[in-house]
Amino acid sequence: MSIIGAMAPLTLHAAVLRRVIVGFHDALSEHREVIDNLNVYPVPDGDTGTNMTLTVRSVTDGLDGVDDHMEPLCAAVAHGALMGARGNSGVILAQILRGFAGVLREAASAGQDPDAPVVARALTAASEGAYTAVARPVEGTILTVIREASESARAAAEAGQGLVEVLDAARAQGYDALERTPDMLAVLAEAGVVDAGGAGLLLLLDACLAELDGRPLPVPPEVAAGPAPAAAASAAHPVEESSIADLRYEVMFLLDAPDSSVDGFKQAWTEVGDSIVVVGGDGIWNCHIHTDDIGAAIEAGIAVGRPHRIQITDLLDQAAEHSESFMEPAAAGGAGGSPPAPVEITEADRCSVVAVGAGEGVEAILTSMGVSRVVAGGQSMNPSTAELLAAVDSLPSGHVVVLPNNKNIIPVAEQVDGETQRTVGVVPTRSVVEGISSLMAFSAEATAAHNAGEMSEAAGAVTAAEVTQAVRDATSSAGPIKTGDWLGIGPDGITAVESDPVAAATKLLSAIIDDHELLTVLIGADADEATTEAIISHVSENHPDVEVEVTEGGQPLYPYYFGLE
C-alpha cells in the first residue's frame, strides 16, 4: 500500500462517496469518446460512453443540496440513477449504483460503518441487481465484469483485508474479466475489442481508489483521427451475429406501474424484443428494450400502467451529437443552455414550427424558412418529449407544428399534443431534407392540422439519402462491410458499400435519382471540397437534367445528406 493509502480512511463515509461519484462522472466524461467508439452497429454513433456519462450526470445533479449523511446521500444516488438512466448501458449502470447505494444506506440505518465487509456486500448487491434487471443476461458484458469484481471483493473481505485491498481486488479481477469478454462474445472477438459497458463501469472502482488510496485516474488513450476503431457490443446487448439486420429500435420509458405487474410486463416484452432491462421499484420503473415493433413495446407498458418520458432511437440511422451539445445537453429552443421558459398563448389563431436539427448550417436553414424553435441534438441524443414540449410551450401561438426530422423521434413528438394547451400537429419527417421540403408548404395563418397535412404531402415528395462511414465489420444486403468503408444509405437501407466516399455517394445517387429533377446536397462538418466537387461532377455528367443545389449543413459524422425532388 502507498504512503497515501496507509493514511487513507478505512471506511467509505458519505463525503468520500460523494467525491467518488463526482470523480466517476469526470472519468466517464474524459473517456466518453473512447467508449463511444466501441459500437455494435457499423455506423458512427454516440452510445455507451455517452449514455453512462449522462446517467451519472443525473446522479451528480441530484446530489446538489443533499447533506453529507449516508442515508439521504444514498437515496439521492439511487433516485438520480433511476430517473436519469439512458440507454441499455445506462439502465444497467443505474441498477448497479442503486444496489451499491442500497446496502450502504441500510448499513448506515443499522449504525454500521461502511467498512470493507459492507462495501463488499454493496458490490455483491450491485451485481445481483444488474442480473435481475436483465431479462436474458449475456456473459461477456458489463454483467460479467461486475459479477467477477464483486466475487473477488467478497473473498478479500472474508479474508480480513481492509477497504483499499478489497477495492483493489475487485478492480484487478474486473479488469481481468474485461480482457476476457471477447472470449465470451463472438461479436467482440470479431471486432478485436473488449466490452464497452464493462470498460465504463471499471472507472467507478478507479474513482474509489483515487479517493481512498490517492491513485491517479486512468488517462484515456488519444482518439485517432479518421474512422473509429472496430466496434464492440454495447453493454449487455445480446448480439450473436455481426449483422445490421437485428432488432432495429431502442425504446425506453419511465413506467408508473404496481410492482406486482412488472413480471407480467417483462414477459410481454420478451415476445416483442430483446436486450430487455427493467429497473426500479415502489411504483416507478425505468424500462429499456430493443425491438422491431415500437407500438407493441409501448402498448405493453400502457397495459400495466403509465409510460412517460418515452424515447425511441433508430439503431441503424442514428448519428452522434455535437460534442458541444453533449457538454450542455440538447435543450429545447437552441443548441445548448436551459430550456426556454413557457409563455402565455397570445396568438391563438397563429401557427409556429418547432424542428429538430443538428449542425449550425442546418439550424440556420430551418430558422430562415420559418422555424421558431430548433431543438438541437443528434440522432443518438434524441430530444425527449419534455424537451419538445418546452419548445412548444415557449411559443405564443395557439397552434404548433413539430418536425422530428428522424424516424425515431416521430413517436416521441406525437406525445406532445396531450401535454400542452396548444394544438400540436406532427409532420412525420424522417430526415432534415424532408423537414426543409415540408416548410415550403407552411402557413402561419393555417391551423396545426391543416399545416400538418400540407407539409406531410410536401415532405413525401422528397427522396432522402445519406453517406457515412462504417465503424465496424458487418454484413448487409449491399455486401460485406469493413471498418472504414463508406456507406450510401437510401430509402431501402444500405445501398452502397465502397472504399471511398465519392464511390459510395455516386453509386447511391445513381440507384435513386430515377426521374428526379432537383438534388439538394447538405454538406456535413466532415465533408471536404474535393469530394463534394467530384460528386457534383458525376451528377452533372451522368444526370445532366438534374439541377444540383449545395448548402452547408454542418451536421456531424454524416458528410452528405441528399434530397431528391
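Computed from heavy atoms alone, side chains included, the values below leave out hydrogens, waters and symmetry copies.
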If only atom types and distance count, is the side chain of [X] paired as donor or acceptor with the main-chain N or O of [Y] below 3.5 Å?
| X | Y | result |
| --- | --- | --- |
| T270 | Q267 | yes |
| S476 | G479 | yes |
| H399 | A448 | yes |
| E347 | R350 | no |
| S368 | I365 | yes |
| E434 | R430 | yes |
| T506 | A504 | no |
| S437 | V433 | no |
| T181 | V194 | no |
| W486 | V502 | no |

Would one find more than 12 heavy atoms of other residues, nucleotides or ligands at under 6.0 Å from atom CD of E457?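 Atom CD in E457 is not crowded, with 12 or fewer foreign heavy atoms closer than 6.0 Å.
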
Can you find a heavy atom in the side chain of I489 that is under 4.5 Å from one in the side chain of T468?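 Result yes, sub-4.5 Å side-chain heavy-atom pair found.
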
Rounded distance [0.5 Å steps], [atom1] in [X] versus [atom2] in [Y]:
| X | Y | atom1 | atom2 | value |
| --- | --- | --- | --- | --- |
| R57 | M52 | CZ | CE | 15.0 Å |
| R136 | D274 | CZ | CG | 4.5 Å |
| I92 | N51 | CD1 | CG | 11.0 Å |

Classify the angle between the aromatic ring planes of F562 and Y560 as parallel (below 30°), tilted (30 to 60°) or perpendicular (above 60°).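 Judged by the thresholds at 30° and 60°, the geometry between F562 and Y560 is parallel.
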
Going by the angle between their ring planes, with limits at 30° and 60°, are F253 and F265 parallel, tilted or perpendicular? tilted

For a quick test of reading the model, state the closest non-hydrogen atom pair linking [X] to [Y] and the distance between them.
| X | Y | value |
| --- | --- | --- |
| V402 | A413 | CG1-CB, 3.9 Å |
| A391 | V354 | CB-CG1, 3.9 Å |
| D485 | P480 | OD2-O, 4.2 Å |
| S431 | A464 | OG-CB, 3.2 Å |

Pairing donors with acceptors under 3.5 angstrom, does anything connect the side chains of H516 and T463?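 A pair is found: one side chain offers a donor N or O, the other an acceptor, under 3.5 Å apart.
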
T531 and D528 side chains, donor-acceptor separation under 3.5 Å: yes

Keeping to residues at least two apart or across chains, list the salt bridge (charged side-chain N to carboxylate O under 4.0 Å, His left out) pairs with something in residues 408-427.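 Qualifying pairs: D393-R422.
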
side-chain contact (heavy atoms from CB on, under 4.5 Å) between L389 and T420, intermediate numbers included: CA-CA 7 Å; L389 176 62; T420 178; 3.6 Å; yes

Between T141 and D195, does a side chain to side chain donor-acceptor pair (under 3.5 Å) hold up when you go through it step by step? CA-CA 6 Å; T141 66; D195 176 67; 5.5 Å; no

